Structures are given as C-alpha cells and as structure tokens.
Enquirer: 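Questions regarding the structure given below will be posed in turn.
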Amino acid sequence: MKMKIAKLPGDGIGPEVVEQAVKAVDAVCKKFGHTAEYEFGYVGACAIDNYGNPYPEETHKICMASDAVLFGAVGDPKYDNDPTSKVRPEQGLLAIRKQLGLYANLRPVETFSSLVDKSPLKRELVDGADFMCIRELTGGMYFGEKGRRDNGDTAFDTNLYHRFEVERILKLAFEYAGRRRKHLTVVDKANVLESSRLWRQIAQEMEPQYPDIKVDYMFVDNASMQLIRCPKFFDVLVTENTFGDILTDEASCITGSMGLLASASVGEHTSLFEPIHGSYPQAAGKNIANPLATILSAAMMFEYAFGLMDEGKAIRNAVALSIEKGIVTEDLSGEGTAYSTSAVGDWIAANI
C-alpha cells in the first residue's frame with residue numbers, strides 16, 4: 001500500500017518525537033512492503049512565525065490531500081506568557097479540528113505490566129486498567145461564542161451543543177462499546193448545565209438502539225474521582241469537549257506517564273494522530289523527551305486510517321518490549337539508564 005502522510009511536527013518537542021514515529025512507520029513499511037510518502041506542514045507557533053497564522057491554508061491543503069496526519073504538539077512560552085496576544089498556537093489545533101471535521105478524539109488508556117509501579121496509584125488499582133476515552137472535539141465551550149465586555153472586566157465562553165453533534169459522537173461511543181466489553185459511561189454535569197441535560201436526554205433516547213450495551217451516567221466531578229479510585233470500572237467513557245480535555249489528561253497518571261498516551265482524531269475528512277502531551281518547551285532540543293506516545297499514535301494510524309492491524313501490532317509489540325527491557329527516556333528510567341529520544345526511536349525501529 002502507498003500512503004500519503006501529512007507530517008505536522010509543530011512546536012517544542014514535537015519535531016523530535018514525530019521524527020521517532022517516522023522511523024517506526026518506515027520500519028513497518030519496509031517489513032510489510034508498504035510505501036510512505038510524507039509532506040511537511042507548519043502548524044502552531046512556527047506557523048505564526050512563518051505565515052502569521054497558526055493553521056495556514058497551505059497546511060490545510062496538505063492535510064486534505066493526505067491519507068492521514070501525523071501531528072506533534074503546539075505551544076510556545078512567548079505566547080503562553082502574553083495574555084493579550086490575539087493569535088495563539090493552540091488556535092491552530094482548534095482550526096485543524098474544525099476544518100477537517102475531526103469531531104471525535106479517541107484516547108485509549110492501557111497499562112503496561114512492567115510500568116504499573118511508575119503510576120502514583122497503587123498497583124492493585126491500575127494493573128489491568130484498559131479503557132477508551134471518547135471526547136467530542138469540535139463543539140462546546142472551546143468553539144462557542146466568547147468575548148469580553150464592561151471594558152474587559154467581564155468575560156464569557158458559551159458551551160453550545162447541537163443535537164446532531166451529540167448524536168454522532170454518542171453513536172460512535174455506542175459502536176466502540178459494542179466492540180469492547182459492552183459498557184458505556186456517559187459523563188456530563190446534567191444536574192447543573194442545560195447542555196449536559198441535552199447530552200443525557202439524547203443518550204437515553206439512543207439506548208434502546210443498543211440493547212446489548214450497559215449504559216451508566218456519571219457527573220463529571222464524580223467521574224474525575226472514580227478514574228483514580230477504580231479505573232478498571234471503565235470500558236468506554238464518552239463526554240463533551242472541555243470535560244474530555246481534563247479527564248483524559250487526568251487518566252494519564254494511571255499509566256505512569258503522559259508520554260505513553262496516544263490519540264486519534266477522526267471525523268469527516270483526513271484523520272489525525274497525535275500524542276496527548278503538549279509541546280514541553282523546557283525539553284525542546286535536549287533529546288530527552290519520551291517519544292512513545294507519538295510512536296503509539298503511529299500504530300493507531302496504521303489501524304484506524306489504513307485498517308492495517310498487524311502493522312499497528314508490530315509497533316505496539318516493539319514499544320512494549322522497549323519498556324520491558326528498560327529502553328526508555330528519563331521520565332520512565334527511574335534509577336536505570338536513561339536513553340535519549342533518538343536512541344529509543346532507533347531501538348524501536350530496529351526491533352520492528
């Protein structure tokens with residue numbers, strides 16, 4: 001198979017970790033007889049610097065013409081530390097989601113047996129945890145009307161959802177639960193928010209269409225507690241944009257490192273694959289960042305964008321073995337040897 005991949009490294013550690021994912025993709029292609037063709041695009045702070053736009057039209061055209069997007073991270077302190085800045089790197093990520101119609105973010109949370117002791121939670125709580133978070137990605141407060149009034153002293157963000165947006169993400173969640181352990185948890189704040197009451201109403205309307213799926217409903221404050229208290233309770237968790245952003249980052253502590261969590265954003269056009277961590281500018285250029293989440297995102301790319309399950313499994317097996325053998329970066333090495341970002345990438349590619 002010939003694959004056309006848009007390569008959007010972005011900012012901070014993005015270029016370093018994406019390069020390791022490319023090594024893994026190339027190794028898989030060599031092993032299984034595929035061809036990968038990459039086209040580079042600017043996004044985030046580097047795009048603002050070059051185009052004045054965090055998601056320029058040139059990059060959008062590259063994404064639309066590709067079979068998949070391999071994405072790094074966006075963000076830069078020079079924008080983070082300036083609350084008056086009108087253009088921000090993160091706007092590029094919101095724009096790419098909106099313009100590609102990427103309404104669903106899939107974030108698997110899975111523990112590695114050799115790393116359960118790295119988690120801040122007790123082994124008996126996290127060992128065997130395996131669930132999928134599905135976050136709505138193009139609606140809610142991040143995209144609703146926002147602004148300032150009263151000479152800037154009053155600010156507002158509108159949490160807006162339409163029925164069709166809720167129906168399509170819930171349909172996806174029900175279908176994924178059907179492929180897994182047939183348990184769906186809908187997370188909302190229906191005791192307070194009208195938008196959440198719409199979510200719960202629609203979910204209850206859809207329940208009879210999926211009689212084999214056990215459905216439960218959980219307020220987001222309770223869900224944030226249960227993720228820590230009993231993560232093995234969850235199978236598929238679905239929620240709106242803002243809640244999903246917070247809960248999935250919280251869930252990263254279950255695995256022991258945010259550097260292990262991959263994600264896929266899917267929807268109307270080209271699917272995008274990225275690690276859930278940010279640009280980590282403090283580590284940029286130091287060759288110390290953990291590339292495993294980005295490499296695992298490449299595994300998801302083979303599986304979700306191309307339907308190549310064996311190819312994805314080849315990457316997952318190599319990552320699992322690298323962790324087992326201690327071929328890891330400093331965030332996971334403990335008292336053992338810490339390998340560089342590029343050394344981990346080289347080892348995984350060679351293993352594949």
Side-chain angles (χ1 to χ4, degrees), residues 1-10 14 17-41 43 55 59-74 92-93 95-110 132-138 168-169 171-173 175-176 179-180 236 248 260-276 291-319 345 348-349 352:
M1 180 183 291
K2 185 174 182 179
M3 310 167 196
K4 190 170 184 180
I5 300 170
K7 186 171 74 169
L8 275 57
V17 294
V18 166
E19 200 53 44
Q20 310 319 309
V22 167
K23 292 176 184 177
V25 171
D26 289 343
V28 166
C29 288
K30 183 176 180 181
K31 180 181 179 71
F32 290 89
H34 304 301
T35 302
E37 176 185 310
Y38 305 94
E39 189 162 2
F40 172 87
V43 68
Y55 182 53
T59 300
H60 181 61
K61 288 178 180 177
I62 291 170
C63 293
M64 289 293 288
S66 299
D67 301 313
V69 178
L70 190 57
F71 191 94
V74 295
L93 189 52
I96 195 172
R97 291 168 179 169
K98 199 70 172 179
Q99 292 184 44
L100 292 179
L102 303 175
Y103 63 82
N105 183 238
L106 312 176
R107 294 189 177 184
V109 178
E110 185 178 2
M132 172 74 78
C133 295
I134 299 182
R135 168 191 171 192
E136 201 287 325
L137 208 55
T138 57
R168 66 185 180 183
I169 192 75
K171 180 177 184 293
L172 190 71
E175 290 172 351
Y176 268 91
R179 297 175 202 164
R180 291 174 54 95
V236 175
T248 51
L260 290 172
L261 291 191
S263 78
S265 297
V266 302
E268 299 169 6
H269 300 295
T270 315
S271 295
L272 180 146
F273 303 87
E274 62 173 320
I276 79 158
L292 295 184
T294 316
I295 293 171
L296 289 169
S297 296
M300 293 186 76
M301 181 183 71
F302 279 110
E303 295 160 351
Y304 289 84
F306 303 109
L308 300 173
M309 307 309 290
D310 288 342
E311 285 81 341
K313 186 177 180 181
I315 293 178
R316 294 184 188 282
N317 288 344
V319 168
I348 289 173
I352 292 170

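The model shown is predicted, which means the values in this text are computed figures rather than measured ones.
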Enquirer: Run the numbers on H60 and M64 for side-chain contact (heavy atoms from CB on, under 4.5 Å), then give the verdict.
Expert: CA-CA 6 Å; H60 181 61; M64 289 293 288; 3.5 Å; yes
Enquirer: Rounded to the nearest 0.5 Å, what's the gap from SG on C63 to CD1 on I96? Could you check?
Expert: 4.0 Å
Enquirer: What distance separates D310 CG from I315 CD1, expressed to the nearest 0.5 Å?
Expert: 12.0 Å
Enquirer: How close do I5 and S66 get, counting heavy atoms only, and between which atoms?
Expert: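 I5 and S66 have their closest heavy atoms at C-OG, 4.0 Å.
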Enquirer: Looking at K171 and E175, is there a salt bridge between them, counting it only when a charged N and a carboxylate O are closer than 4.0 Å?
Expert: yes
Enquirer: Walk me through whether M3 and L308 qualify under side-chain contact (heavy atoms from CB on, under 4.5 Å).
Expert: CA-CA 12 Å; M3 310 167 196; L308 300 173; 3.6 Å; yes
Enquirer: Show the nearest heavy-atom pair for residues G312 and F302, with the distance to one decimal.
Expert: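 The answer is N-CB, 3.9 Å.
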Enquirer: I'd like to know if the side chain of T35 reaches the main chain of K2, judged simply by a donor and an acceptor atom lying under 3.5 Å from each other, with no hydrogens or angles considered.
Expert: no
Enquirer: Parallel, tilted or perpendicular: which fits the ring planes of F32 and H34, with parallel below 30° and perpendicular above 60°?
Expert: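 Plane angle under 30°, so parallel.
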Enquirer: Do the non-hydrogen side-chain atoms of F40 and V18 ever get within less than 4.5 Å of each other?
Expert: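 No, every pair of side-chain atoms sits at 4.5 Å or beyond.
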Enquirer: Between L137 and A104, which heavy-atom pair has the shortest distance, and what is it?
Expert: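 Closest approach of L137 to A104: CB-N, 4.1 Å.
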Enquirer: Given side-chain contact (heavy atoms from CB on, under 4.5 Å), test N105 with I276 step by step and report yes or no.
Expert: CA-CA 10 Å; N105 183 238; I276 79 158; 5.8 Å; no
Enquirer: Heavy atoms only: give me the nearest T294-P275 pair and the separation to one decimal.
Expert: OG1-CG, 3.4 Å
Enquirer: Kindly assign one of parallel, tilted or perpendicular to the pair Y176 and Y304, based on the angle between their ring planes and the thresholds 30° and 60°.
Expert: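 Taking Y304 first and then Y176, their aromatic rings lie parallel (interplane angle under 30°).
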Enquirer: If I take atom CE from residue M300 and atom CZ from residue R316, how far apart are they, to the nearest 0.5 angstrom?
Expert: 6.5 Å
Enquirer: To the closest 0.5 Å, what do you measure between OG1 (T248) and CZ (R135)?
Expert: 6.0 Å
Enquirer: Which pair of non-hydrogen atoms, one from L261 and one from A293, has the smallest distance, and what is that distance?
Expert: O-CB, 3.3 Å
Enquirer: Go through the steps for Y55 and L100 under the test side-chain contact (heavy atoms from CB on, under 4.5 Å), then give the verdict.
Expert: CA-CA 12 Å; Y55 182 53; L100 292 179; 4.2 Å; yes
Enquirer: Pick out which of V25, I352, I348 makes a side chain to side chain contact (heavy atoms under 4.5 Å, CB included) with I295.
Expert: I348
Enquirer: Evaluate the side-chain proximity of M301 to E311: yes if any heavy-atom separation is below 4.5 Å, no if none is.
Expert: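 No. Closest side-chain heavy atoms not under 4.5 Å.
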Enquirer: Nearest 0.5 Å, please: how far is CZ in R168 from CD in E136?
Expert: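 Output value for this atom pair is 6.5 Å.
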Enquirer: Minimum heavy-atom separation for G101 to H269, with atom names?
Expert: N-CD2, 4.3 Å
Enquirer: Distance check, rounded to the nearest 0.5 Å: T138 atom OG1 versus K98 atom NZ?
Expert: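 Going from the OG1 atom of T138 to the NZ atom of K98 covers 4.5 Å.
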